[in-house]
Amino acid sequence: EKGTYPHYMLKEIDEQPAVVRRIIQNYQDENDELTIEQDVLEALKQADRLYIIAAGTSYHAGLIGKEYIEKMAQIPVEVHIASEFGYNMPLLSEKPLFIFISQSGETADSRQVLVKVKELGHPALTITNVAGSTLSREADYTLLLHAGPEIAVASTKAYTAQLAVMAILSSVTAKAKGIDIGFDLEQELSIAANAIQTQVDDKENMEDIAREYLAVTRNCFFIGRNVDYYVGLEGALKLKEISYIQAEGFAGGELKHGTIALIEEGTPVIALATQEAVNLNIRGNVKEVAARGAYPCIISMEGLAEEGDRLVLPRVHELLTPIVSVIPLQLISYYAALHRDCDVDKPRNLAKSVTVE
Ligand code: F6R
């Protein structure tokens, strides 16, 4: 039930701090240490390479999952779009483990890959929100998202849940392999949950940003570097699917290789600047587009902020910034769609689970 909320999407955005806290609880052992089932852990430890298969928002989560797994657990990861993988399969490693990320657990594009993977005799893990879903039943292992039912077509809380679960999977595997990740993930996830709360409490500001940048535009660009780039891809998908504004996410350095030609007087460019190592570079990209007339909206983080940034997120661990920086992008998309009288929860041409290939 959406209760007093005008839309499921807004309700589901608001649930995200609670979802992250629920995930921490569900993945704790009796000593309150983060844990995953032993058989899943063994499968992860035995794999020489992980292949993440997903579609849409879940694919965007997979891109960040790769960062988590490679940085923490030190296992090489490839991330593939499910619909491409079937006929364009890369050379597989000797001991692959396939990870299917799917909110619904019913996406046909992902399922056809799972069928093929099982034919080849490789192990598969599904990360899903729906216990008993097809992808969960047909895989060897399942990790649940515990996000609660997601009703709005545009995925929000499942994405943050996917990131949190993949962070936990990564840190638990790291520990089992004797790798010191150098921080307490459980504590950092709690800090991130609080930071998400500050963003969902700042709705008036998000609505102002949507009105200021997106009321009349026909297009919008999202730029970022490193994980900020992947969050930008997700921000662009959210915006286009519910507001029908043409939106694209780009790696900050890539814009000048062609797309910058589209920048006109007033074109909104939403820039994410949460990564210390590339902070100067992304700010350089903002100057490049601003010099060509773009109207930049910089979303940065405490400690990296500069005068003129439109939104400054509370400081969280650098790997966990996507869990927080995606929230304003979800809310800005929501309000942009609302201002354009779009059907937020049921955008045109889309279905909640895509059960055709
Ligand atoms: C976007 C969206 C879709 C889904 C995609 C995969 O907001 O909802 O892009 O993410 O169809 O769906 P699942 O995760 O159910 O496999």
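Whatever order the structure lists them in is the order used to number ligands and atoms, beginning at 1. Side chains are part of it too, since the values below use all heavy atoms of this structure and drop only hydrogens, waters and symmetry mates. Remember, it's a predicted structure, so these values are computed and weren't measured experimentally.
Those atoms of ligand 1 with a heavy atom of K238 less than 4.0 angstrom away are 1 (C), 7 (O). For ligand 1, the atoms sitting less than 4.0 Å from at least one non-hydrogen atom of S58 are 10 (O), 13 (P), 14 (O), numbered in the order shown with element in parentheses. Of all atoms in ligand 1, numbered sequentially from 1 with element shown, those under 4.0 Å from a heavy atom of A154 are 7 (O). The S155 neighbourhood of ligand 1 comprises atoms 7 (O), 8 (O), with distances under 4.0 Å to a heavy atom of that residue. Residue-ligand proximity, S102 to ligand 1, at heavy-atom distances under 4.0 Å covers atoms 13 (P), 14 (O), 15 (O), 16 (O).
Residue contacts with ligand 1: V153 is included, with a non-hydrogen atom under 4.0 Å away. Every heavy atom of S110 sits 4.0 Å or more from the atoms of ligand 1. Contact between S353 and ligand 1 is absent, with no heavy atom of the residue lying under 4.0 Å from the ligand. Not a single heavy atom of H60 sits closer than 4.0 Å to an atom of ligand 1.
Heavy atoms of K352 found under 4.0 angstrom from ligand 1: none, in either backbone or side chain. At a 4.0 Å heavy-atom cut-off, ligand 1 touches T57 through backbone and side chain alike.
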Inset, instruction - Please lay out, stage by stage, how V231 and Y159 fare under the test side-chain contact (heavy atoms from CB on, under 4.5 Å). - result: CA-CA 10 Å; V231 177; Y159 173 85; 4.0 Å; yes
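Remark: minimum distance from atom 11 (O) of ligand 1 to any protein heavy atom is reached at V354 CG2, 4.1 Å. Among protein heavy atoms, the minimum distance from atom 6 (C) of ligand 1 is reached at A55 O, 3.4 Å. Atom 12 (O) of ligand 1 has as its closest protein heavy atom T107 OG1, 3.5 Å. Given atom 7 (O) of ligand 1, the protein heavy atom at minimum distance is E241 OE2, 2.5 Å. S104 OG, 2.7 Å is the protein heavy atom nearest to atom 15 (O) of ligand 1.
Remark: K11 does not engage D345 in a salt bridge, criterion side-chain N to carboxylate O under 4.0 Å. By the 4.0 Å N-to-carboxylate-O rule, E212 lies close enough to R310 to be salt-bridged with it. Electrostatic pairing of E234 and K238 counts as a salt bridge here, judged by a charged N lying under 4.0 Å from a carboxylate O. No salt bridge links R292 with E264; every basic N to acidic carboxylate O contact stays at or beyond 4.0 Å. Salt-bridge check for D140 with K118: passed, with a basic side-chain N closer than 4.0 Å to an acidic carboxylate O.
T128 and Q103 share no donor-acceptor pair across their side chains, judged by distance under 3.5 Å alone.
The aromatic rings of Y27 and H146 stand perpendicular to each other, their planes meeting at an angle above 60°, with 30° marking the opposite boundary.
Other residues, nucleotides and ligands contribute at most 12 non-hydrogen atoms within 6.0 Å of the NZ atom of K346.
The cationic atom of R348 (NZ for Lys, CZ for Arg) lies less than 6.0 Å from the six-membered ring centre of Y244 and within 45° of the ring axis.
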